[in-house]
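Keep in mind that this is a model prediction, so the values were computed, not measured. Just the heavy atoms: all of them, side chains too, but no hydrogens, waters or symmetry mates, feed the values below. First listed ligand is number 1; within each ligand, the first listed atom is number 1. Starting from 1, each residue takes its place in the sequence as its number.
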Amino acid sequence: MTLEVEDLRIEIGGRPVVDGLSFAVPDGARLGLIGESGSGKSLTALAVLGLLPDAASATGSVRWNGREILGIPDRDLARLRGDEIGMVFQEPQTALNPIRTVGRQIGEPARIHRGASKREAATLAVELARLVALPDPERIVSRYPHQLSGGQRQRVALAMALACEPDLLIADEPTTALDVTIQAEMLELMMGLTAERGMSLVFVTHDLAVLARVATDAVVLERGRAVERGPVKRLLTAPEHPVTQGLLRDATATLWRAG
Ligand SMILES: Nc1ncnc2c1ncn2[C@@H]1O[C@H](COP(=O)(O)OP(=O)(O)OP(=O)(O)O)[C@@H](O)[C@H]1O
Ligand SMILES: [Mg+2]
């Protein structure tokens with residue numbers, strides 16, 4: 001299961017915001033997309049998922065297992081999303097429906113993609129709640145999103161993303177809104193679960209210290225272009241491009257502040 005992005009260009013209102021970006025995510029690989037705010041990370045992730053805003057248009061190629069998926073009809077893409085490709089975004093609040101119990105939402109992908117019955121989905125929801133280490137899984141499934149903490153909501157979003165055992169997980173700043181200790185727990189959980197299941201990972205972040213924990217390789221973006229790429233270890237020890245050097249300085253400063 002390979003994702004190949006080739007010469008991706010995204011325009012919004014005639015302005016190029018992603019400009020000739022190429023990268024590949026082979027089976028089981030863990031790739032980071034890193035760059036400052038506005039560098040085009042989220043739009044790249046959204047383009048892969050076919051979730052670009054209406055104002056945006058994309059050209060180039062996004063191949064999933066050799067099949068072109070850029071610009072295919074949404075109903076075809078919707079079949080992949082949440083099934084073969086899972087996703088977690090920065091603000092779980094926006095991914096969750098406020099008037100549905102978390103259990104129903106965790107079980108929903110299995111109902112949509114696997115034809116699971118209500119009862120099967122409910123059982124699966126409890127299992128998944130346990131898998132993502134939500135407290136008291138049997139009871140938490142009958143709660144509503146606003147009754148959970150931010151960290152717990154993000155675990156719910158992760159449980160939904162994992163429900164159909166996707167081959168690839170795309171995570172866009174999934175821990176940025178969380179405080180530091182919760183963030184570390186969440187990263188560890190994501191790492192453990194994706195590794196156990198042999199899933200590949202595309203992880204979007206502006207934080208090189210976070211990236212070092214989750215990805216082996218990374219592409220550094222600046223204004224929609226790849227300015228540097230390589231193993232994360234090398235980016236941390238010998239960054240070549242000024243943007244990467246800046247990201248390393250930011251990460252080091254954050255680590256110092258954290259003591
Ligand atoms: N819906 C939109 N309408 C207009 N412009 C947009 C829209 N979404 C993104 N952009 C612009 O496209 C560029 C890339 O945005 P993108 O969200 O991909 O950045 P990012 O790297 O994810 O940044 P951040 O780290 O802040 O999340 C930015 O200049 C942004 O202002
Ligand atoms: Mg973003």
Chi angles and distances behind the side-chain hydrogen bond (donor to acceptor under 3.5 Å, both in side chains) call for Asp172, Ser42: CA-CA 7 Å; Asp172 186 351; Ser42 292; 2.6 Å; yes

Within one Ile-Leu-Val-Met-Phe-Trp-Tyr cluster: Leu208 and Leu221, side-chain cutoff 4.5 Å: no

More than 12 heavy atoms of other groups within 6.0 Å of Glu188 CD: no

Side chain to side chain contact (heavy atoms under 4.5 Å, CB included) involving Leu124 - partner list, sequence neighbours excluded: Ala110, Glu127, Leu128

Ionic contact status for Lys41 with Glu36, cut-off 4.0 Å: no

Residue pairs passing the side-chain hydrogen bond (donor to acceptor under 3.5 Å, both in side chains) test where at least one lies in residues 200-214, sequence neighbours excluded: Glu173-His206

Neighbour count >12 (heavy atoms, 6.0 Å) for atom CZ, Arg9: yes

Protein residues having a heavy atom less than 4.0 Å from any atom of ligand 1: Ile12, Arg15, Val17, Glu36, Ser37, Gly38, Ser39, Gly40, Lys41, Ser42, Leu43, Pro53, Glu173

Non-hydrogen side-chain atoms of Asn97 and Gln105 separated by less than 4.5 Å: yes

Atoms named by residue and atom, protein N, O or S, within reach of the Mg ion (ligand 2) (under 2.8 Å): Ser42 OG

Ionic contact status for Arg234 with Glu228, cut-off 4.0 Å: yes

